[in-house]
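Contents: one structure, followed by commentary.
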Amino acid sequence: MVKFPDNYVAIDSVDCVRILIVDDEVDISDSLSVILEMHDERYTIKTASGLKQARSLVDEFKPDIALLDIKLGQDSGLDLLSWLKQEFEGVYCIMMTAFRETKYAVTAVKHGADDYLHKPVDAEQLLVAVTRATEIVDLNRQRIQTEKRFRAVFEQTFQWLLLADSNGVLLEANQVALDFRNLESTHVLGAALEDAPWWAGSPVTKEKLNQMLPSVSAGSFMRDEIQIKNSANKMITFDMSIKPINNHDGNIEMMLIECRDISDRKQAEMLVKKAHDDLEFKVAERTEELQAAMLRAETANRAKSDFLSRMSHELRTPMNAILGFSQLIQLQLEASSVKTDIKPDIDEIVMAGEHLLALINEVLDLAKIEGGNLKVDLEPVELECLMDECLVMIAPLAVSKNIEVVNYLSNADYTVIANHLRLKQVMINLLSNSVKYNKENGSVTVSSVVTDSKIKIIVKDTGIGLRPEQIEKLFRPFERVHDDPAIEGTGIGLVISKTLTNLMDGEIGVCSVYGQGSEFWIVLNLSAK
Ligand code: ADP
């Protein structure tokens, strides 16, 4: 609640000026009354003929201006003057007397009179005196109104406001500040700021104040975070600022102290910081776990690649021996005139051996890829030638499934930047897949599209095709997406093809419609002729 001074006048009654005339000669009071009423319609006038009547009237009437006769029958107008000045701060008193000597005027002023008129009162002099009094009454009211506005701001703000003089002696403290420690203004006003009761129990704050005040006295604006115990003994964090206020000469006249409760903000900041620290800790912990897991996975993978590589090498030597000797027997049988029925068995051994050797080579390639040891030398490679070699190799398989192979590259004179052996390996993988995953009596078409310095070689089949989710799994080791045991394979051909194509600066891809067929393609750089 904002408290206003007792003599505060509400704005709607500002226009009205209440004048009390006290004279034991009623005729005089009446005539003065008439003169004033005619002069200004703002004047509301009441008259009294004696001290007693005047006293009983003023309580309710609350005069702004009083015209008092010095002599009120047996009573003295000076007594009334003293009483009025004491009881109604701000009332403007004009004394009237028939005595001409100056000493009466002096006595009246000593009793608190604001002005003095000789009797009989001249109308003009009366109006001059009352008009002057009215101006002072108006100024007073404006001052009160302005003060009321500033006090409203002072008291209604949510933050503490303290006002101290240049020596740090407290002049004002708003209610918010007083309520914080259940204080009365009498407890703090007149006290030195650094000794005020708020900082009792907060020695650090007192210390800070002692450091800040000399700087403020020297003209600096100071600001700091402080902690103060409230009436429930809880420490509250405030943002405190002390501003010097200068007078007209530029000297420091007062200090304005503002304190804003920032404990909620501090709490929130603390929670955010804690959450941040927790998160950082968790991220660090998780990163460490992941690094350890990655290290374990890498070690395991390297061990697997080493094993595959060693096994393949170990298998290749005896495999080559088996193949070599069986091919030797094949040749001897062909050259001999002796009739024997073991030839088909030897052919089977050679075929199975070649198949096994191809598998071992693939596994060895995969081990090299995973170990990052596969190197490919690039050279110009004539496509037509290479394709012919590949088609010869897959022809028996195509014939066995009655699949027609159409090669649109047969007369194309293109040379690509690749590695003959490795490109052949890729093309054989794509071509053999297009036959393996084809339907009986289907077809395989090899075509190309040339753009700028690149060529796209497309192997299209009319086979079982691939679903989108199956396409996503392609090019991963051992991923056989059809899972049909009737079709031979290991699921590593496409992985090797992709790595080899990339090593030849090319790209590999697929598009397919399930049930209708697939198109596998590779893009390679053309060689400048
Ligand atoms: P493999 O043929 O030895 O299983 P690949 O790596 O060559 O291994 O192929 C991986 C998988 O991709 C095959 O198992 C098959 O499911 C699928 N695939 C490859 N080519 C085709 C194709 N032309 N049509 C349909 N599916 C194919």
Side-chain angles (χ1 to χ4, degrees), residues 1-8 85-90 140 143-267:
M1 259 299 279
V2 186
K3 287 185 197 141
F4 300 117
D6 292 341
N7 57 351
Y8 168 69
K85 278 288 178 186
Q86 197 178 340
E87 296 295 314
F88 300 93
E89 194 194 329
N140 234 1
R143 184 183 54 76
I144 291 167
Q145 191 68 23
T146 310
E147 196 182 314
K148 179 202 155 196
R149 289 191 191 126
F150 279 105
R151 189 143 287 277
V153 174
F154 190 71
E155 294 294 351
Q156 295 297 305
T157 175
F158 287 109
Q159 56 197 32
W160 294 27
L161 286 178
L162 312 177
L163 202 64
D165 68 13
S166 56
N167 298 316
V169 174
L170 281 163
L171 303 171
E172 295 275 1
N174 71 353
Q175 204 56 42
V176 191
L178 295 174
D179 289 348
F180 188 76
R181 288 284 285 253
N182 293 334
L183 296 168
E184 294 290 332
S185 57
T186 48
H187 296 146
V188 292
L189 300 190
L193 176 61
E194 62 269 38
D195 297 328
W198 292 291
W199 339 119
S202 321
V204 180
T205 299
K206 206 171 162 173
E207 178 66 35
K208 278 189 181 178
L209 265 173
N210 279 326
Q211 285 169 6
M212 286 162 91
L213 283 174
S215 305
V216 181
S217 295
S220 302
F221 165 69
M222 299 300 288
R223 188 173 179 180
D224 207 343
E225 262 176 31
I226 55 161
Q227 296 217 306
I228 312 174
K229 261 190 196 160
N230 67 8
S231 44
N233 227 14
K234 188 178 167 209
M235 272 294 188
I236 307 287
T237 309
F238 282 88
D239 173 10
M240 176 191 250
S241 67
I242 310 183
K243 288 181 200 133
I245 301 171
N246 293 349
N247 62 15
H248 294 305
D249 305 330
N251 296 322
I252 292 163
E253 191 178 16
M254 284 185 285
M255 301 178 187
L256 178 67
I257 300 101
E258 292 176 69
C259 296
R260 196 156 45 90
D261 182 344
I262 53 166
S263 43
D264 285 352
R265 195 187 81 196
K266 282 271 140 194
Q267 178 78 8

**Message:** Determine whether Arg151 and Glu172 satisfy the following criterion, side chain to side chain contact (heavy atoms under 4.5 Å, CB included), listing intermediate values before the conclusion.
**Reply:** CA-CA 11 Å; Arg151 189 143 287 277; Glu172 295 275 1; 3.0 Å; yes

For the [atom1] atom of [X] and the [atom2] atom of [Y], what is their distance to the nearest 0.5 Å?
X      : Y      : atom1 : atom2 : value
Lys234 : Gln227 : NZ    : CD    : 11.0 Å
Met212 : Asp224 : CE    : CG    : 5.5 Å
Glu89  : Asn140 : CD    : CG    : 8.5 Å
Phe154 : Leu256 : CZ    : CG    : 7.5 Å
Lys206 : Leu193 : NZ    : CG    : 10.5 Å
Leu161 : Asn174 : CG    : CG    : 5.0 Å

Evaluate the side-chain proximity of [Y] to [X]: yes if any heavy-atom separation is below 4.5 Å, no if none is.
X      : Y      : value
Arg181 : Lys229 : yes
Thr205 : Phe238 : no
Pro197 : Leu183 : yes

Nearest heavy-atom neighbours spanning [X] and [Y]:
X      : Y      : answer
Ile257 : Ala164 : CD1-CB, 4.1 Å
Asp261 : Ser263 : OD1-OG, 2.6 Å
Leu189 : Ala173 : CD2-N, 3.9 Å
Leu209 : Glu194 : CD1-CA, 4.4 Å
Gln175 : Glu155 : N-OE1, 2.8 Å
Ile252 : Val216 : CD1-O, 3.4 Å

**Fill in**
In Leu213, Val169, Leu163, the residue satisfying side-chain contact (heavy atoms from CB on, under 4.5 Å) with Met255 is Leu213

**Request:** Please work out whether the ring planes of Trp160 and Trp198 are parallel, tilted or perpendicular, with thresholds of 30° and 60°.
**Result:** tilted

**Message:** I'd like to know if the side chain of Asn247 reaches the main chain of Gly250, judged simply by a donor and an acceptor atom lying under 3.5 Å from each other, with no hydrogens or angles considered.
**Reply:**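 Indeed, once roles are kept as given, a pair shorter than 3.5 Å links the two residues.
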
**Asked** Asn230 side chain to Ala232 main-chain N or O, any donor-acceptor pair under 3.5 Å?
**Response** yes

**Asked** Going by atom types only, do Glu253 and Ser166 share a side-chain donor-acceptor pair under 3.5 Å?
**Response**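 Side-chain D/A pair, Glu253 to Ser166: absent.
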
**Request:** Please collect all side chain to side chain donor-acceptor pair (under 3.5 Å) contacts where either partner lies in residues 211-220, sequence neighbours excluded, each pair once.
**Result:**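 The answer is Glu207-Gln211.
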
**Request:** Test Asp239 against every option in Arg265, Lys266, Arg260 by the side chain to side chain donor-acceptor pair (under 3.5 Å) rule and name the one that passes.
**Result:**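 Result for side chain to side chain donor-acceptor pair (under 3.5 Å) with Asp239: Arg260.
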
